[in-house]
Structure formats: C-alpha cells, structure tokens
S.K.: 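The following block contains the structure, expressed as structure tokens.
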Amino acid sequence: MLVVIDPVYTATAVLADHYIQVRPGSDGLLALGISKILVEKGKFDASFVENHVEGWDSFRRYLHEIVRIEEVCSLTGVEERTLQFLADLLWQYDPVATWCGYGLQRYQNGGQNVRAIYALSAITGNVGKVGGGFYYFHPGIDLFPLNLLNHSGPNDGQVSRSVDINYFPSQVLSLTDPPVRFLWIAGRNPLSQDQEVQKWTCLINELEMVVTVDLFMTKTGEMSDIVLPAASHFEDFDLNISYWHQWLALNEPAIPPYFEAKSDLEIARQLTRRLNELRPDFSNFPSDRTAEEWIEREFTPEVLRHYGLLSWRDLSAGPAKLLEQNNPWWDFNFKTKSGKFEIFSKDAKEDQLPALPKYRNEKNDSSFPLRLLTPQNITGIHSQNWAQEWLGRDEREDVLTINPLDAAERGIKDEDGVIIYNGQGKVTRKARINSELVPGIVLLYQGGKEPVNKLLSGLSADMGKRNSGSAGAALYNAFVEVKKIERD
C-alpha cells in the first residue's frame, strides 16, 4: 500500500494506491488531525507511548482541547472522511514507513510540520520498528572525518567571520572591518538558486573580484570577472554518498578532463603552489596531496568497519552498503536529554519554539493571492542541465501552471504569455492551464533563462539554528500575482 500526500499530482502520486492533495504547508496540521482521531478512538500504541514518549499527556490534552477537525479540513483542503480513512490505514497496517523527505521544512512553520508528522509516526508505534520508521534524509557524511572540509588555515592571527548562508549577500555587504573585496564561488549558482537575488547582484557589482568555478556559463558566471571550467564527474576522482540511501561508491574518471577543465581540488592545489611562490608560506594547504590521498585519509578504521571494507580501494569492485542496523532507533535509545522520543521538547521551548508541534496558519499580502510552488525539474536541480536539450529538458521550465478558475478570473487562456510578479521581482512564462492543480496555487519549475528565485520571499523557516547555525530558508512561502501580457 502506497499513500502519497502532496499538493502536486507528481509522477510518484500517479503510482500511488491513494493520493491525497493537501494545501501547501498544511501537512503538519493534517498529521495533528489524524493523531486526534487515533487518540480519541484509543487507536495508538499505548506500550510505546508509556515507555518511550516524553510529553504524552501534554500532547493528548493539546489534541483534545485545541485541534479541531473542522479547522483541519478547512485549512488542509482534506475532507473529514479522508482523515478518518488515513487514521484507519495507520491502525490497520503494521508497520508503516513514513518518508517525509525535503520540502516540508521549507515553510515558515516547516519545523513544526516535520515534528507533527514524526509525532504521528511515534504514537502509532512505528518508530524503531523494522519496516516502519520516519525517514527524512540519510546524513551519510557524518561517519567521515571530512579532512578537506575541516582543514585549518595558517595561524596568522586573522579571525574568521561567519555569515548566514540564507542571507549571505546582505550580511557580507554589511561587513566593514575589513570589507569583503573578493569572492570565490564553487558548486553554487546563487543568481538562480538563492534568495535575495537583487542583493546578490548588488554584492557582485560592488566586489573588486569574483571568481566562479562551474561546468557551464551560469547566470552567476556571466557576472563574474573570471570563470574557471570545472571538471565533471566523468573526469574526476571522488567518493559518492547519498542523502537517500546507504551505499558508498567510488567515482573513477572515465575520460581525462576536456581542455583546461580541472577539479576543484586540482584548482586549489595549483593555486596554492603559485601563491606560495609569490609569498612564501602564504598557505599551508597541502598542495602535493592527490585526490586518492585525500580519499585514503577519510577511511579511518571505524569507517572501514562500518562499510565492511579492508581498504577504500575495495570500492573499485563495486559500491559498499552501510552495515549498521538499517532500522533507525531500533534500540529506543533516543539522543535526547530524557532518552525518550520527546513530543514535548524543553529544548524547543528554550529556543523560543513551541514545546509541542503546533500548526501556525500563515498570512500573506492580499495583493499577491497566489501561492507559488517551485519544484525541481526531473532532469536537474536548480540551474543544473537547464540548457542541455539532449538530457530531455522539456518545456515545463518555460511555463506557468495555473488552475482554470484562477486563469479565468485573470482572463488568461492556455498558451498566453503571462507575467508572474510580487514585491521581490517578476518573470515571464507561457500559461499552462491544468485542473489537477488546486485553486490559489501556481507552479513554476526551477531553471530556465529567467530563474524563479527572483520571486522568493527571503523569509526564514522556524528551525535549523541548533544544528546548522542558521534557520532554514522558507523557500515555499512565496506569494505572487499573475497577469496576461497584452499584445499591441
């Protein structure tokens, strides 16, 4: 049995036994509504709750006194009978695996969305159970020492400064002691990927030098002073590990780098040598260390044991899978102060967040009534591969998908040229009317010549600081208006 809950009727939803179309950002409220039904019917795992859940009484009282099914249905767009159906499925099937994935956290209430869904998984006894569990992503790199990432520069008395990646340009522009004059960009295309596009443009124009390392001439590359061609995965030696699975693979070059292309590591090695020639001991980066030698250092005895390897070179014969218990929290040894699954979290309260997972109904400027969804195209991420016709790039990048009712209200017909705009900026697309999209929502795929991130709100999500140092970006809290392009 596969149930897909998504605002968009995706390729995965097509394969589902049941598809539930929920309003964007309301998934957490949907989970709270289902939890309320299960708890009031006594259909929850009493043993797991009693022995392994912290804050159960507070959560049960919150569901009973605050969560109203009528409001859940109104805000999520899901009928009460569907809530009852989902609750029955969760009680009927044992175990149930919940795959949350990326996306739900990218709202202003994103952390609460994830917490509420995880709580539902817990009270039904699916945490720590073989075949069950709650899946977000696999932090595979945590096992490795990450020597290259953690390399320390020379101890010359200089103090490093940190800025929030979500508000990088505005924070860098505010630095004065000393001001930032030079920027090196690698593995990123901020002008079609990040928020604050206008401030990114301002920052790049103010800097004395901008160097971009990339495989293609991106929007950021076009504004840079120097563009260095990067080697592709087909030309480079590296390790591959994924967010979504537990396999570790060796990436071996299939062809030599084309023309002057070099890997980021090779660029750093050659640049270090030249800088040290110009100023002895300028850098302590080990410029003589090859990619293979860096890889060797990542395979500590612990890492080799975790993957059942004698040497990293064993990966030449094929990928290796993590040997650890694949069932998260199988021993119920939760990494919390209480040692339990904390539905009521004192840490959250200390961080000025709700102690219980609570839904917050988001308000938007009535001047921009349409919520903008910005999914990735299946052939790439952000601007990756957007110009590669041979990869099967389709016209989805060039269209705005809109519901027939919203289109009619604005006098828009299929194939009309339209302007999508808000207080941050505007882009143009061709309209594609689709009744599978609910009213009040429009959809723009990422990529293309006019990147959709011009329209992002610049708002922050509610969580993320504890682990990463900065809150996540509320990328899906963008609201727009659409108007037809009138031809003379």
Side-chain angles (χ1 to χ4, degrees), residues 141 146 148-151 153 158 160-176 178-233 235-236 238 257-275 282-283 285 287 291 294 374 376 380-388 424-425 446-456 458 468-470 472-473 475:
I141 63 172
L146 305 177
L148 189 54
L149 176 66
N150 294 317
H151 175 76
Q158 295 190 39
S160 297
R161 296 176 290 180
S162 297
V163 295
D164 189 332
I165 190 172
N166 297 319
Y167 306 102
F168 184 91
S170 56
Q171 292 194 11
V172 169
L173 284 165
S174 69
L175 296 175
T176 58
V180 176
R181 295 190 175 95
F182 171 68
L183 181 63
W184 185 286
I185 302 173
R188 198 168 187 84
N189 180 13
L191 289 183
S192 65
Q193 181 176 354
D194 290 8
Q195 302 192 100
E196 296 195 322
V197 176
Q198 292 83 354
K199 290 181 180 178
W200 262 111
T201 302
C202 179
L203 173 63
I204 291 175
N205 286 330
E206 286 199 12
L207 292 169
E208 294 178 13
M209 175 72 74
V210 177
V211 176
T212 290
V213 184
D214 212 311
L215 279 76
F216 305 103
M217 182 57 75
T218 63
K219 292 288 183 182
T220 305
E222 289 173 358
M223 291 194 66
S224 301
D225 300 286
I226 297 174
V227 179
L228 301 179
S232 70
H233 298 300
E235 305 158 330
D236 195 10
D238 209 340
Y258 265 55
F259 304 106
E260 295 181 333
K262 294 176 176 61
S263 69
D264 290 283
L265 176 60
E266 185 59 27
I267 291 171
R269 293 175 67 199
Q270 294 193 22
L271 184 59
T272 299
R273 292 184 193 129
R274 181 58 179 153
L275 287 169
F282 175 84
S283 173
F285 185 77
S287 60
W294 279 106
T374 56
Q376 306 283 1
I381 299 174
H382 301 297
S383 60
Q384 183 187 47
N385 302 328
W386 71 268
Q388 306 306 303
Q424 282 70 48
Q446 296 190 30
K449 295 180 180 179
E450 283 190 292
V452 68
N453 66 323
K454 289 181 180 179
L455 305 173
L456 299 183
S468 68
S470 62
L475 302 175

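Residue indices begin at 1 and follow the sequence shown. These figures come from a predicted structure and were not determined experimentally.
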S.K.: At their closest point, which heavy atom of R161 faces which heavy atom of V180, and how far apart are they?
M.R.: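 It is NH2-CG2, 4.1 Å.
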S.K.: In Å, rounded to the nearest 0.5 Å, how long is the span from CG of L149 to CD1 of I141?
M.R.: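 Reported to 0.5 Å precision, the distance equals 7.5 Å.
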S.K.: List for me each residue that meets side-chain contact (heavy atoms from CB on, under 4.5 Å) alongside R188, sequence neighbours excluded, and say none if there are none.
M.R.: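 Per chain and number, R188 pairs via side-chain contact (heavy atoms from CB on, under 4.5 Å) with I165, I185, P190, Q193, D194.
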S.K.: Minimum heavy-atom separation for S283 to T272, with atom names?
M.R.: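 Closest pair (atom of S283, atom of T272, distance): OG-CG2, 3.7 Å.
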S.K.: How far does NZ of K262 sit from CG of D264, to the nearest 0.5 angstrom?
M.R.: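 Going from the NZ atom of K262 to the CG atom of D264 covers 12.5 Å.
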S.K.: Indicate yes or no: at least one non-hydrogen side-chain atom of V172 is less than 4.5 angstrom from one of L183.
M.R.: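 In short, these two side chains do not touch, never coming nearer than 4.5 Å.
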S.K.: Taking T374 for the side chain and Q446 for the main chain, is one N or O donor matched with an acceptor at less than 3.5 Å?
M.R.: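 No: the side chain of T374 does not pair with the backbone of Q446.
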S.K.: Please determine whether side-chain contact (heavy atoms from CB on, under 4.5 Å) holds for the pair Q424 and L456, giving the CA-CA distance in whole Å, both sets of side-chain angles, and the decisive distance to 0.1 Å.
M.R.: CA-CA 7 Å; Q424 282 70 48; L456 299 183; over 6 Å; no
S.K.: Tell me which donor-acceptor pairs under 3.5 Å the side chains of residues 202-213 have, and how far apart each pair is, sequence neighbours excluded?
M.R.:
residue, atom, partner, partner atom, Å
N205, ND2, T201, O, 3.1
E208, OE2, R181, NE, 3.3
T212, OG1, S224, OG, 2.7

S.K.: If I compare all heavy atoms of L173 with all of K199, which pair ends up nearest, and what's the gap?
M.R.: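 For L173 and K199, the tightest heavy-atom pair comes out as CD1-O, 4.1 Å.
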S.K.: For the atom pair CE (M217) and CD (E222), what is the distance rounded to the nearest 0.5 Å?
M.R.: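 With rounding to 0.5 Å, CE (M217) is 7.0 Å from CD (E222).
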S.K.: What I'd like to find out is whether the side chain of I267 reaches to under 4.5 Å of the side chain of W184, using heavy atoms alone.
M.R.: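 Yes, close enough: below the 4.5 Å cut-off.
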S.K.: Taking atom OG of S263 and atom CG of D236, what is their separation to the nearest 0.5 Å?
M.R.: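 If I round to the nearest 0.5 Å, the distance is 4.5 Å.
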S.K.: Supply the atom-to-atom distance K219 NZ to N189 CG, rounded to the nearest 0.5 angstrom.
M.R.: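 These two atoms lie 9.5 Å from each other.
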S.K.: For the CG atom of D238 and the CG atom of L265, what is their distance to the nearest 0.5 Å?
M.R.: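 Atom-to-atom, D238:CG and L265:CG are 9.0 Å apart.
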S.K.: Would you please test F182 and D225 for side-chain contact (heavy atoms from CB on, under 4.5 Å) and show each step?
M.R.: CA-CA 10 Å; F182 171 68; D225 300 286; over 6 Å; no
S.K.: Tell me, please, which residues at least two apart from F285 pass ring-ring contact (aromatic ring centres under 6.0 Å, His included).
M.R.: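 Here the qualifying residues are H151, W294.
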S.K.: Can you name the nearest heavy-atom pair linking E196 to P169, along with the distance?
M.R.: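 Looking at all heavy atoms of both residues, the shortest contact is OE1-CG, 3.3 Å.
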S.K.: Under a 3.5 Å distance rule, please check whether Y167 uses its side chain to pair with a backbone N or O of G458 as donor and acceptor.
M.R.: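 Such a contact is found between Y167 side chain and G458 backbone.
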